[in-house]
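Starting from 1, each residue takes its place in the sequence as its number. Bear in mind that the values here come from a model prediction, so they are computed numbers and not experimental data. Both ligands and their constituent atoms are indexed starting at 1 by order of listing.
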Amino acid sequence: MTERVWPEVYKKLGVSPIINAQSWVTALGGSIMGPEVRQAMDDAANAFIDIKKLNLAAGEVVARSCGAERGLVTAGCSAAQVLMVAACMTGQSESNVEQLPDTTGMKNEVILFKGQRNRYDKAFVTAGATLVEYGSVDSVTTDDLEAAINENTACIAYVVAPFVPAGIGLGETIRVAHEHGVPVIVDAAAEVPPRSNLSKFHNMGADMVAFSGGKGIGGPQSAGVLAGKAELMEAVVMNSLNLDSSVAGIGRPMKVSKENIVGMVTALQLFTDSDEAAELAGWHSKAEFVAERLTGIAGLRVVIEDDPAERQGPQPVLYFDDNFDGPSIDEIKQQLEDGDPGIYVGGGGSRAEINIVMVNVQDGEEIIIAERLNEILRS
Ligand SMILES: *Cc1c(COP(=O)(O)O)cnc(C)c1O
């Protein structure tokens, strides 16, 4: 076990570092950037460059990694959502770009399946658009989508995430949209790994696809990866920093620093070059380590689950039967969080389980997690 050295910078602020067994969640810091990424950002911080040239060069790396025509490093997936919608509304019209968020005279409706409404969809209307829902949460057809499309439709948004249903599916959505000459934009924030998803949705015909940079890719937490068709991406660039115009675009408050641009492309290249099978195997062995140490506790069932539709990486899931006479799930979580270091796990609330997500558990931390769980569950 490598000794974990906790960063002093957090202690100086009186904020204690924690063990993140809850996944790439924003609330716990996204992901940890590898040493190469941190070094690249440190190097980038020590020189001036032409930001426009840097954005173009970084965009080429993004486009190549995603198998798309053009790419851009954004200030996160949410920022990319704002820019995608802005681009669909303005096209490459400079006056339209300057006019946002006033959408007068532009197509300004974003269509989204009702079942895919989520806490992040505010970003689809930030640039001035109106959200139009179709279908109901449990029932949706191609006809529902067809009926929602009209002459004001700017684009159809689609969300790929474990917590929303697929509705009529991305493939069918793209087919219908393109039949009507409407672009499809995709929020796939946390859908990598698998690495193949970087290009999958583009290969299916999506017009633009956005990923978070600071989740599974391991880049800066406030960076993202956006790629898509060249014409729309040109409009995205016009709506972002817009260094060529006297009026900064709607994306100006979402600028990406030179350090984050460099960190993002470095992380993306490392991510696409790294061994996915080895990464999975590492998560699996941590999951097994914890599961093995929790055997023989009456009323506790530990199952390693890895269904990608439900779980981010292989992880031990703890199920409690009626004859378990220890603390409640929420009490267990509280005790874990209150310890030193605090351990944050998934589950609780409406989910009658505790799940220990390994994707952000650093080497050796699985030992601390197993020890603490044993203390709490066997007491
Ligand atoms: C995390 C997430 C976002 C926000 O991404 P950021 O990179 O943090 O801006 C948007 N949509 C979904 C589905 C997410 O999971």
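K215 is linked by a salt bridge (Lys or Arg N to Asp or Glu O under 4.0 Å) to nothing, counting only residues two or more places apart in sequence or in another chain.
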Name every donor-acceptor pair, under 3.5 Å, that has one atom in a side chain of residues 71-83 and the other anywhere in the protein, sequence neighbours excluded.
from: T74; atom 1: OG1; to: G76; atom 2: O; distance (Å): 2.8
from: Q81; atom 1: NE2; to: Y120; atom 2: O; distance (Å): 3.4

Distance-only donor-acceptor hits, side chain of residues 44-55, under 3.5 Å, sequence neighbours excluded:
from: D50; atom 1: OD1; to: K52; atom 2: N; distance (Å): 2.9
from: D50; atom 1: OD1; to: K53; atom 2: N; distance (Å): 3.3
from: K52; atom 1: NZ; to: D244; atom 2: OD1; distance (Å): 2.9
from: K52; atom 1: NZ; to: D244; atom 2: OD2; distance (Å): 3.2

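Ring planes of W283 and W24: perpendicular class, angle over 60° (limits at 30 and 60°).
For R351 and E353, the salt-bridge test passes: some basic side-chain N is under 4.0 Å from an acidic carboxylate O.
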Does ligand 1 have any N/O atom under 3.5 Å from a protein N/O, and what are those pairs and their distances?
from: ligand 1; atom 1: 5 (O); to: S212; atom 2: OG; distance (Å): 3.0
from: ligand 1; atom 1: 7 (O); to: C77; atom 2: N; distance (Å): 2.8
from: ligand 1; atom 1: 7 (O); to: S212; atom 2: OG; distance (Å): 2.7
from: ligand 1; atom 1: 9 (O); to: C77; atom 2: N; distance (Å): 3.2
from: ligand 1; atom 1: 9 (O); to: S78; atom 2: N; distance (Å): 2.9
from: ligand 1; atom 1: 9 (O); to: S78; atom 2: OG; distance (Å): 3.3
from: ligand 1; atom 1: 11 (N); to: D187; atom 2: OD1; distance (Å): 3.2
from: ligand 1; atom 1: 11 (N); to: D187; atom 2: OD2; distance (Å): 2.7
from: ligand 1; atom 1: 15 (O); to: K215; atom 2: NZ; distance (Å): 2.9

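Using a 3.5 Å distance cut-off with no hydrogens or angles, the side chains of S328 and D330 do not pair a donor with an acceptor.
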